[in-house]
Colleague: 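My questions all concern the structure below.
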Amino acid sequence: MEPTLPRRTVAYDGKLTRSARWDRFRPRADDIFICTPPKSGTTWMQAICALLIFGRPDIGHNPANLSPWLDAEFEPIDDLCARLDAQQHRRSIKTHTPLDGIPYFPDCTYLAVYRDPRDVYFSMRSHADNMRYPVFGDLFGGEVGPGFRRWVDTEWLPGDADTFSLSGIAHHYRSFRAFADRPNLHFFHYDEMLRDLSGTMAAVARVLGIAIDAATMAALVRAAGFDNMQANAERFAPNAGTGRWKDERRFFNRGGSGQWQGLLTDEDLALYDTRLRTLLPEAEIAWLQHGNISA
């Protein structure tokens, strides 16, 4: 019996997530797709992949520029694809679209990265506040409690990935987890990256088939460290130098886990827990929030 493969079954149609843009993309067999909900470790994984691909700490390019956000309408798709076609090195491509809205290429590698949704919410609050041009309304501004509760209650709707919500994160996760048995789909968690960056980078290198000697890997791990990326935000922050951010260093902000602790009431957390249990099984909730605890 032939295995069931992922298919594009949902047409996402928004400024940040337009599935039709993939129709112009020409894949290579060794392409890497970095697949995450927003604020879940995207930029970090882009940096890790770029460092491993080039094999040196100073790659001379901003990883976010090398790894474009293909399905967001920030650049004409023909121009973006021309840039990718011109790349001679191994390519990595960023997307925030669930797996049901992007093409599946069996020869390519998919890296799905997730983070505790509560930390995602607070990271997005900082992200929105750091932007010079407000685009998220009051969902990530104003008082914490009302915004958090709206984020918890907002329903994900088929075809909508521009509305950030707890249910949207859960749908993204479900879309990938349903095909966890595919050999080219690999899961990583932000907390595991924090706990053991060296181990995470070794794991990414293995799935990408990249061999790195121990001394070089140690240097790459130092380069991918949160403190180094923050200190060199002009080389790691997406859109650095364009004036998009009030403070490019703040793009990386605190970077830790548990940012929500002490900021949410018992009622907020109870609402979150109840809602999440309608979206995912208990075992999946545990992984989504913490990754592999023993890692």
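Bear in mind that the values here come from a model prediction, so they are computed numbers and not experimental data. Just the heavy atoms: all of them, side chains too, but no hydrogens, waters or symmetry mates, feed the values below.
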Colleague: Aromatic rings W44 and Y190: how do their planes relate, parallel, tilted or perpendicular, breaks at 30° and 60°?
Modeller: perpendicular
Colleague: Which residues pass the side chain to side chain contact (heavy atoms under 4.5 Å, CB included) test with L271, not counting sequence neighbours?
Modeller: R149, V152, D153
Colleague: Could you list the residues that satisfy side chain to side chain contact (heavy atoms under 4.5 Å, CB included) with L157, not counting sequence neighbours?
Modeller: D160
Colleague: Could you tell me how the ring of W151 sits relative to the ring of Y272: parallel (under 30°), tilted (30 to 60°) or perpendicular (over 60°)?
Modeller: parallel
Colleague: Check for a donor-acceptor pair, side chain of R115 on one end and backbone N or O of K39 on the other, with a separation under 3.5 Å.
Modeller: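 Between the backbone of K39 and the side chain of R115 there is a qualifying donor-acceptor contact (under 3.5 Å).
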Colleague: Hey, are the side chains of T278 and R275 touching, using non-hydrogen atoms and a 4.5 Å cut-off?
Modeller: yes
Colleague: Check side chain to side chain contact (heavy atoms under 4.5 Å, CB included) between R91 and all other residues, then give those that pass, not counting sequence neighbours.
Modeller: F25, R28, D31, L84, D85, Q87, I93
Colleague: Could you pull out all residues at least two apart from R222 that satisfy salt bridge (charged side-chain N to carboxylate O under 4.0 Å, His left out)?
Modeller: none
Colleague: Using side chain to side chain contact (heavy atoms under 4.5 Å, CB included) as the criterion, list what pairs up with P158, not counting sequence neighbours.
Modeller: W156
Colleague: Any salt bridge linking R8 with D23? Criterion: basic side-chain nitrogen under 4.0 Å from a carboxylate oxygen.
Modeller: yes
Colleague: Donor-acceptor pairs under 3.5 angstrom involving side-chain atoms of residues 202-212: please list them, not counting sequence neighbours.
Modeller:
none

Colleague: When you measure from the side chain of S67 to the backbone N and O of S92, does any donor-acceptor pair fall under 3.5 Å?
Modeller: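 Yes.
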